[in-house]
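Hydrogens, waters and symmetry mates are skipped; everything else that's a heavy atom, side chains included, is used.
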Amino acid sequence: MCRLYGLQATHPTRSACELLDAQNAMIQQSREDARGLSNPHGWGMGQVTDGTTSCFRQVKPASESKSYRDEALQTEGTTVLAHVRRATVGDPSHANTPPPFGTAPRF
């Protein structure tokens, strides 16, 4: 089962604490969730600010990705969505790694 984080705010807001440092941070859930299962089959972050969308996705585990940390520190928006994947259907691949924000993913 995948894990999702969502934020909706009235002004651009950063989510680094929830993604990196909180007790139940998404990076921790990549390593191991409350049931003791890992979510190692990819991650993604998307944001909306002033009507502009962007996203970044990788098939690599968030807990092993320098890009995850970099993106978490930079992600800021009125809408933020983050995801760590545990593949139950579909192969671990870039196409199967949400969120599908934006018209073209950044790699």
Side-chain angles (χ1 to χ4, degrees):
M1 179 67 66
C2 300
R3 297 289 175 241
L4 296 170
Y5 166 81
L7 168 83
Q8 182 68 47
T10 58
H11 59 281
T13 303
R14 292 189 181 267
S15 297
C17 179
E18 293 84 354
L19 300 174
L20 295 171
D21 300 321
Q23 182 178 1
N24 198 27
M26 295 296 286
I27 196 166
Q28 175 59 30
Q29 292 185 54
S30 172
R31 285 184 212 102
E32 182 177 74
D33 64 18
R35 298 178 303 161
L37 300 173
S38 63
N39 293 278
H41 302 123
W43 63 272
M45 284 181 217
Q47 63 191 25
V48 179
T49 303
D50 297 327
T52 301
T53 61
S54 64
C55 84
F56 189 94
R57 306 182 286 194
Q58 276 190 334
V59 178
K60 185 178 198 174
S63 59
E64 298 175 12
S65 172
K66 181 182 180 324
S67 295
Y68 178 90
R69 291 183 182 282
D70 293 344
E71 287 297 315
L73 291 170
Q74 295 175 41
T75 295
E76 178 178 358
T78 51
T79 302
V80 174
L81 198 68
H83 173 267
V84 290
R85 183 169 190 245
R86 178 175 180 78
T88 54
V89 176
D91 295 328
S93 69
H94 193 267
N96 290 334
T97 304
F101 275 156
T103 55
R106 298 182 335 211
F107 296 97

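Taking both residues in full, the closest heavy atoms of Cys17 and Ala25 are given as O-CB, 4.5 Å, listed atom of the first, atom of the second, then distance. Of all the heavy atoms in Ser15 and Leu7, the pair that sits closest is OG-CD2, 3.6 Å. Of all heavy-atom pairs between Pro61 and Pro40, the closest is CG-O, 3.3 Å. Contact between Ser65 and Gln58 at its shortest, heavy atoms only, is OG-OE1, 2.6 Å. Between Leu81 and Gly6, the shortest heavy-atom contact is CD1-CA, 4.2 Å. Of all heavy-atom pairs spanning Gln74 and Gln47, the tightest one is O-OE1, 4.4 Å.
Under the 4.5 Å side-chain criterion, counting only non-hydrogen atoms from C-beta, Trp43 is in contact with Glu71. At a threshold of 4.5 Å between non-hydrogen side-chain atoms, the residues Phe56 and Ser67 count as touching. Between Asp33 and Arg86 there is no side-chain heavy-atom pair separated by less than 4.5 Å. When side chains are defined from C-beta on, Asn24 counts as touching Gln29, because their heavy atoms get closer than 4.5 Å. For the pair Asn39 and Arg85, the minimum side-chain heavy-atom distance is 4.5 Å or more. Using a 4.5 Å cut-off on side-chain heavy atoms (C-beta onward), Lys60 and Tyr68 make no contact.
Separation of atoms CG (Leu20) and OG1 (Thr75) is listed at 9.5 Å; rounding is to 0.5 Å. Taking CZ of Arg3 as the reference point, atom CE of Met26 lies at 9.0 Å (rounded to 0.5 Å). Going from atom CD of Gln8 over to atom OG1 of Thr78 covers 6.0 Å, rounded to the nearest 0.5 Å.
Neither Val59 nor Leu4 shares a network with the other; the hydrophobic side chains, linked directly or stepwise wherever heavy atoms of I, L, V, M, F, W or Y lie under 4.5 Å apart, form separate groups for each. Placement of Ile27 and Leu73 within a single hydrophobic cluster is found when ILVMFWY residues are connected by side-chain heavy-atom separations under 4.5 Å, directly or transitively.
Glu32 and Ser38 form no side-chain donor-acceptor contact under 3.5 Å, judged by distance and modelled atom types alone.
For the pair Ser30 (side chain) and Ser63 (backbone), a donor-acceptor distance under 3.5 Å is present. In this structure, the side chain of Thr79 does not engage the main chain of Gly77 through any donor-acceptor pair within 3.5 Å.
Summarising the local packing, CZ of Arg14 is surrounded by more than 12 heavy atoms from other residues, nucleotides or ligands at distances under 6.0 Å.
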- Message: Could you walk me through whether Met45 and Leu19 satisfy the side-chain contact (heavy atoms from CB on, under 4.5 Å) test, starting with their C-alpha distance in whole Å, then the side-chain angles of each, then the deciding distance to 0.1 Å, before giving a yes or no?
- Response: CA-CA 10 Å; Met45 284 181 217; Leu19 300 174; 3.9 Å; yes
message: Run Val80 and Tyr5 through side-chain contact (heavy atoms from CB on, under 4.5 Å) and show every step you take.
response: CA-CA 8 Å; Val80 174; Tyr5 166 81; 4.3 Å; yes
